[in-house]
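Read through the structure below, which is laid out as structure tokens, and then see the notes.
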Protein chains: 2
Amino acid sequence: MAQKTATLYGLGIGPGDPELITLKAHRILAAAPVIAYPATETGDSLARAIAAPHIPPGRTEIVIRTPMVPGRFPAHGVYDAYAAQIAGHLDAGRDVAVLCEGDPFFYGSFMYLHDRLAPAHPTVVVPGVSSLGACAAVAGAPLVSRADVLTVIPGPLDEADMADRLARSDAAAIMKVGRHLDKVRAVVESLGLVDRAWYVEYATMEKQRVLPLRDVPAGAAPYFSMVLVARPGDG
Amino acid sequence: MAQKTATLYGLGIGPGDPELITLKAHRILAAAPVIAYPATETGDSLARAIAAPHIPPGRTEIVIRTPMVPGRFPAHGVYDAYAAQIAGHLDAGRDVAVLCEGDPFFYGSFMYLHDRLAPAHPTVVVPGVSSLGACAAVAGAPLVSRADVLTVIPGPLDEADMADRLARSDAAAIMKVGRHLDKVRAVVESLGLVDRAWYVEYATMEKQRVLPLRDVPAGAAPYFSMVLVARPGDG
């Protein structure tokens with residue numbers, strides 16, 4: 001009979017700099033016989049690239065290939081199949097560590113596996129440094145303090161809704177800016193917030209760029225980009 | 001003449017479990033000749049307790065004693081004095097690592113030192129695992145995904161404002177619940193969100209407690225407590 005005692009780990013591996021992994025995730029990664037990670041349809045995996053220095057040789061690797069279609073409903077059939085594959089390892093007594101960019105539960109795809117596997121398998125979620133904290137750190141821009149309200153807004157939100165939410169926040173982060181860059185800038189400028197707005201792409205990675213939003217050329221930004229509207233100063 | 005080349009570090013040391021510090025913060029902490037950390041007026045310091053296993057003996061320690069008065073304007077004179085003390089070490093060529101619970105720019109006091117010192121001294125902010133990610137992880141509750149809007153709300157917000165912001169969010173985190181517990185619960189219940197609401201205190205610490213909000217006894221909660229309203233499922 002199978003042991004049924006193996007553990008599923010959702011490992012936050014941080015925003016990009018391999019040194020921003022936690023000691024805990026590092027320890028679990030060093031011991032897990034099976035690792036799994038999201039990748040594009042062609043097999044490129046940012047999560048695996050971030051964790052690469054910490055992955056010992058000879059591990060079983062499961063490449064979770066999913067279509068990157070912004071906003072589209074996740075491919076449930078695809079996740080069903082990967083969850084079954086992972087469950088096979090767990091049932092055979094092998095721990096499985098799923099690598100998650102940033103933090104597992106902050107705009108990640110790990111939740112689709114968690115929903116399917118956590119009810120029947122011991123599961124440990126290891127929080128990680130999110131892109132939000134990373135972007136604020138590299139911009140040198142304190143995000144929130146004391147009684148500030150912070151709103152985290154996805155880039156695809158429509159212009160009026162985005163403007164309304166921004167206007168009602170002390171600070172905001174607009175995620176997944178990508179092709180929405182010009183819209184985001186128009187909204188920020190219309191509210192008179194551009195003096196507090198930073199643009200960050202690939203935070204903590206080698207190709208990181210940090211600019212005041214007003215200095216960013218018009219056009220599209222990469223998917224891994226964020227606009228921060230920092231809190232007003234204390235005057 | 002003084003060297004003026006030393007670096008001020010704002011080190012995110014994570015939410016409580018000493019193993020949730022990053023490799024980067026761990027490395028910097030091992031090398032810094034001077035460490036500083038916030039403490040209560042009596043000298044108790046959660047930040048130092050979290051980092052304790054990683055602090056080598058024989059370091060110069062600066063205990064930043066500040067009054068814990070919720071909502072009150074920070075004691076600017078106090079921070080001026082500590083900033084001057086830290087600047088003295090930096091000017092003498094000694095790096096200073098400031099320990100920050102969670103993430104330095106996410107509801108932390110490091111910004112008061114950053115504002116005073118970063119303009120004149122090389123400064124590196126190392127992001128950390130925030131209490132937000134930690135609470136979601138220990139509750140096993142995916143926070144946000146895809147096009148969800150997340151609102152982070154301080155507990156002291158008044159009831160009508162809190163209700164309005166909660167009603168307009170896909171997911172929310174209410175920070176610093178403390179003595180506002182009963183108000184927060186009343187708001188969550190009035191909006192019909194209690195089935196998705198978790199209460200977490202001291203996330204990732206030994207005395208951690210995680211409960212569905214509806215099961216939490218009435219009364220006050222500790223300062224380090226949070227209520228999460230998780231995203232609705234995908235159905």
Side-chain angles (χ1 to χ4, degrees), chain A residues 10 12 14-15 17-24 26-27 71 73-74 76 102-112 114-115 118 123-130 132-138 140-154 156-157 165 168-169 204 233-234, chain B residues 10 12 14-15 17-24 26-27 71 73-74 76 102-112 114-115 118 123-130 132-138 140-154 156-157 165 168-169 204 233-234:
Chain A
D17 177 350
E19 214 186 358
L20 289 175
I21 193 172
T22 63
L23 302 185
K24 184 169 184 175
H26 186 262
R27 170 177 60 78
F73 209 69
H76 283 308
D103 181 82
F105 282 161
F106 190 74
Y107 296 103
S109 59
F110 175 67
M111 56 169 290
Y112 304 120
H114 182 269
D115 286 353
T123 300
V124 173
V125 179
V126 179
V129 175
S130 71
L132 183 62
C135 286
V138 301
L143 203 56
V144 275
S145 179
R146 298 201 307 281
D148 292 337
V149 171
L150 169 71
T151 309
V152 184
I153 300 170
L157 220 65
R165 291 176 187 274
R168 295 157 46 89
S169 306
T204 81
D234 286 311
Chain B
D17 177 350
E19 213 185 359
L20 289 176
I21 193 172
T22 63
L23 302 186
K24 183 169 185 175
H26 186 264
R27 169 177 60 79
F73 209 69
H76 282 307
D103 180 83
F105 282 161
F106 190 73
Y107 296 103
S109 59
F110 175 67
M111 55 171 288
Y112 304 120
H114 182 270
D115 286 353
T123 301
V124 172
V125 179
V126 179
V129 175
S130 71
L132 184 63
C135 286
V138 301
L143 203 55
V144 274
S145 179
R146 297 203 306 282
D148 292 338
V149 172
L150 168 71
T151 309
V152 183
I153 301 169
L157 220 65
R165 290 174 188 275
R168 295 158 45 89
S169 306
T204 81
D234 285 311

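Convention: sequence-line order gives letters A, B, ...; per-chain numbering from 1. Note that this is a predicted model, so its numbers are computed, not measured.
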Distance col, row B/L143:CG vs A/F106:CZ, nearest 0.5 angstrom, shows 7.5 Å
Using the side-chain contact (heavy atoms from CB on, under 4.5 Å) rule, take B/S145 and A/Y112 through it: C-alpha gap first, then chi angles, then the decisive distance, then the call. CA-CA 10 Å; B/S145 179; A/Y112 304 120; 3.2 Å; yes
Does any heavy atom of chain A fall under 4.5 Å from the side chain of B/R27, the backbone, both, or neither of them? side chain
Would you find a donor on one side and an acceptor on the other, under 3.5 Å apart, between the side chain of B/R165 and the backbone of A/S169? no
Is it the side chain or the backbone of A/L20 that comes within 4.5 Å of chain B heavy atoms, both, or neither? both
Identify the two heavy atoms, one from B/T22 and one from A/E19, that lie closest to each other, and give their separation to 0.1 Å. CB-O, 3.8 Å
Do you know the tightest heavy-atom contact between B/D148 and A/P154? O-CG, 3.2 Å
Is there a side-chain contact between A/V152 and B/V149 (heavy atoms, below 4.5 Å)? no
So which of A/T204, A/V125, A/V144, A/V129 has the biggest tally of heavy-atom pairs under 4.5 Å with chain B? A/V144
Atom group of A/A118 that falls short of 4.5 Å from chain B, counting heavy atoms: neither
B/D115 and A/P142 have their tightest heavy-atom pair at OD1-CG, 4.3 Å
Answer key: most heavy-atom pairs under 4.5 Å with chain A among B/A141, B/P18, B/G102 is B/A141
Only pairs of heavy atoms separated by less than 4.5 Å count here; which of B/V124, B/D103, B/T123, B/I21 has the most with chain A? B/I21
To the nearest 0.5 Å, what is the distance between CG (B/L150) and CD1 (A/I153)? 10.5 Å
